[in-house]
2 protein chains.
Amino acid sequence: MLAIEDGPFSKTDKHCLLVGVITADNSIEELLLDQIDVDGTNSTDKIVSLAKRSKPPSIVMLPSVSLGGFNVVDPYRLNRGVKLPVIVANPERPSLQAVRRALRRHFPDWRRRVRVFDQMGSPTMLRLGHRQRLYFYSIGLSVVKARPVVRGLVHHGKRPEPLRIARILARALGSTPPLKRARGVRQQAGHQGLLSEYV
Amino acid sequence: MLAIEDGPFSKTDKHCLLVGVITADNSIEELLLDQIDVDGTNSTDKIVSLAKRSKPPSIVMLPSVSLGGFNVVDPYRLNRGVKLPVIVANPERPSLQAVRRALRRHFPDWRRRVRVFDQMGSPTMLRLGHRQRLYFYSIGLSVVKARPVVRGLVHHGKRPEPLRIARILARALGSTPPLKRARGVRQQAGHQGLLSEYV
């Protein structure tokens with residue numbers, strides 16, 4: 001499983017952190033970092049390349065298709081790019097209409113950005129008991145097959161475990177990837193280059 | 001549980017990353033970052049202050065008392081400082097004698113640094129089946145009580161889960177904490193200041 005989350009950012013930030021967490025058995029196996037442009041258009045490509053840097057996950061999970069502000073992920077293109085099912089899951093019902101309105105107001109290229117929302121339509125609701133709900137989209141895997149997968153991933157709290165872990169790390173790490181280091185130094189320390197894009 | 005790990009570093013690095021992972025139920029709850037001096041003497045104090053920044057853990061776990069090269073943690077002083085049991089656990093039998101020899105050769109203040117090893121003595125061995133062993137010290141908790149605690153924490157691989165998670169993160173994050181950000185920005189983004197020492 002590869003779970004994606006974006007780091008916090010401010011209005012003046014040009015980039016924000018992109019966190020990828022590889023999990024197996026709901027436990028972290030690998031942490032991958034990159035950055036995306038705030039309100040940019042490179043989130044889909046960045047996630048595809050993140051997925052290729054790791055050991056092959058079974059599914060890619062996102063908390064939302066709007067990362068780094070309005071850097072909209074195209075989950076269909078992502079699905080084709082990684083050749084894996086993509087699941088977008090969140091305890092909040094995504095308001096694609098509100099996002100669409102905001103995009104229309106602020107982005108000259110809003111038509112291109114909202115195109116994916118028409119394809120996505122409405123999310124599937126999953127009841128987790130006690131009024132808890134999870135809304136998800138599944139691309140490349142039928143809803144019938146995705147439902148037990150998603151349900152089985154919720155352990156602590158109200159999010160699928162891989163997304164919960166990615167969220168904790170993204171918040172703790174902030175908006176930017178760790179400082180660059182010289183490649184030689186990193187290799188000397190036995191590091192296998194997870195941050196190879198920064199060295 | 002608060003599990004500690006140090007980041008990789010090279011001979012020319014003055015500092016290396018200090019990672020603290022708060023876990024509950026063997027799952028990450030919080031990530032805390034700081035840095036320690038390579039071959040310095042501030043690891044004990046840094047861990048005490050890391051523990052105070054988090055929600056109170058039940059136990060502090062270390063993979064070793066030698067972090068950041070020879071920045072030796074005094075687990076007795078740590079135990080008094082955090083008022084919690086301290087467990088040092090590693091699949092490799094710690095060679096305090098080898099560390100002692102190296103300290104003697106390289107550090108004028110070696111007597112002060114090795115003092116803690118005399119107190120620590122030999123580790124307790126825990127068999128995990130299939131030739132797998134774990135060596136641990138327990139300070140502030142009897143070995144009889146610590147043994148099932150340590151055993152219960154080993155799930156994936158050969159390390160207690162909190163230490164395994166801390167190790168993955170320390171390696172991925174490298175030797176330095178993430179870049180500083182303006183406090184205002186961080187708060188605006190809803191961040192609760194885990195990295196408050198850097199902003």
Side-chain angles (χ1 to χ4, degrees), chain A residues 6-13 15-17 19-33 35 38 54 69 155-157 161-162 164-196 198-199, chain B residues 6-13 15-17 19-33 35 38 54 69 155-157 161-162 164-196 198-199:
Chain A
D6 55 353
F9 60 90
S10 76
K11 283 180 184 170
T12 56
D13 285 343
H15 311 287
C16 74
L17 191 65
V19 168
V21 173
I22 298 283
T23 61
D25 229 355
N26 272 339
S27 195
I28 184 168
E29 289 296 325
E30 217 176 318
L31 170 66
L32 304 156
L33 302 175
Q35 57 184 24
V38 170
S54 71
H155 288 268
H156 307 274
E161 196 61 12
R164 192 187 69 84
I165 295 169
R167 188 176 151 101
I168 289 170
L169 298 179
R171 293 187 164 205
L173 296 175
S175 67
T176 45
L179 288 169
K180 298 178 186 193
R181 306 196 65 232
R183 183 177 298 276
V185 170
R186 194 167 281 287
Q187 287 179 344
Q188 189 182 323
H191 187 89
Q192 290 309 302
L194 291 180
L195 291 175
S196 55
Y198 308 110
V199 297
Chain B
D6 55 352
F9 60 91
S10 75
K11 282 180 183 170
T12 55
D13 285 344
H15 312 288
C16 74
L17 191 65
V19 169
V21 173
I22 299 282
T23 61
D25 229 356
N26 272 340
S27 194
I28 185 169
E29 289 295 327
E30 216 176 319
L31 171 65
L32 304 155
L33 301 175
Q35 57 184 23
V38 170
S54 71
H155 287 267
H156 307 273
E161 196 59 12
R164 193 187 68 84
I165 296 170
R167 187 177 152 100
I168 289 170
L169 297 179
R171 293 187 164 206
L173 295 175
S175 67
T176 44
L179 288 169
K180 298 178 188 192
R181 306 196 65 230
R183 183 177 299 275
V185 170
R186 195 167 281 287
Q187 287 179 344
Q188 186 182 327
H191 187 91
Q192 291 308 304
L194 291 179
L195 290 175
S196 54
Y198 309 110
V199 297

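Lettering follows sequence order; numbering is per chain, from 1. Side chains included, hydrogens not; waters and symmetry mates left out as well; all remaining heavy atoms used.
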message = Between B/Glu29 and chain A, with a heavy-atom cut-off of 4.5 Å, which part of the residue counts as in contact: side chain, backbone, both or neither?
response = both
task = With a 4.5 angstrom heavy-atom cut-off, could you sort out which part of B/Asp25 is near chain A: side chain, backbone, both or neither?
result =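 Looking at B/Asp25, backbone and side chain both touch chain A.
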request  = For residues A/Ile28 and B/Ile28, determine if any side-chain heavy atom of one lies less than 4.5 Å from a side-chain heavy atom of the other.
outcome  =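 The answer is no; the side chains never approach within 4.5 Å.
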query = So, B/Glu30 and A/Arg171, do they make that salt bridge, N to O below 4.0 Å?
reply = no
remark   = Answer key: most heavy-atom pairs under 4.5 Å with chain A among B/Gly157, B/Ser27, B/Ala24 is B/Ser27
task = Give the minimum heavy-atom separation between A/Leu32 and A/Ser54, together with the two atoms involved.
result =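 Here A/Leu32 and A/Ser54 meet closest at CD1-CB, 3.5 Å.
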message = Which heavy atom of A/Phe9 sits nearest to which heavy atom of A/Gly69, and what is that distance?
response =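 So the minimum-distance heavy-atom pair works out to CZ-N, 3.3 Å.
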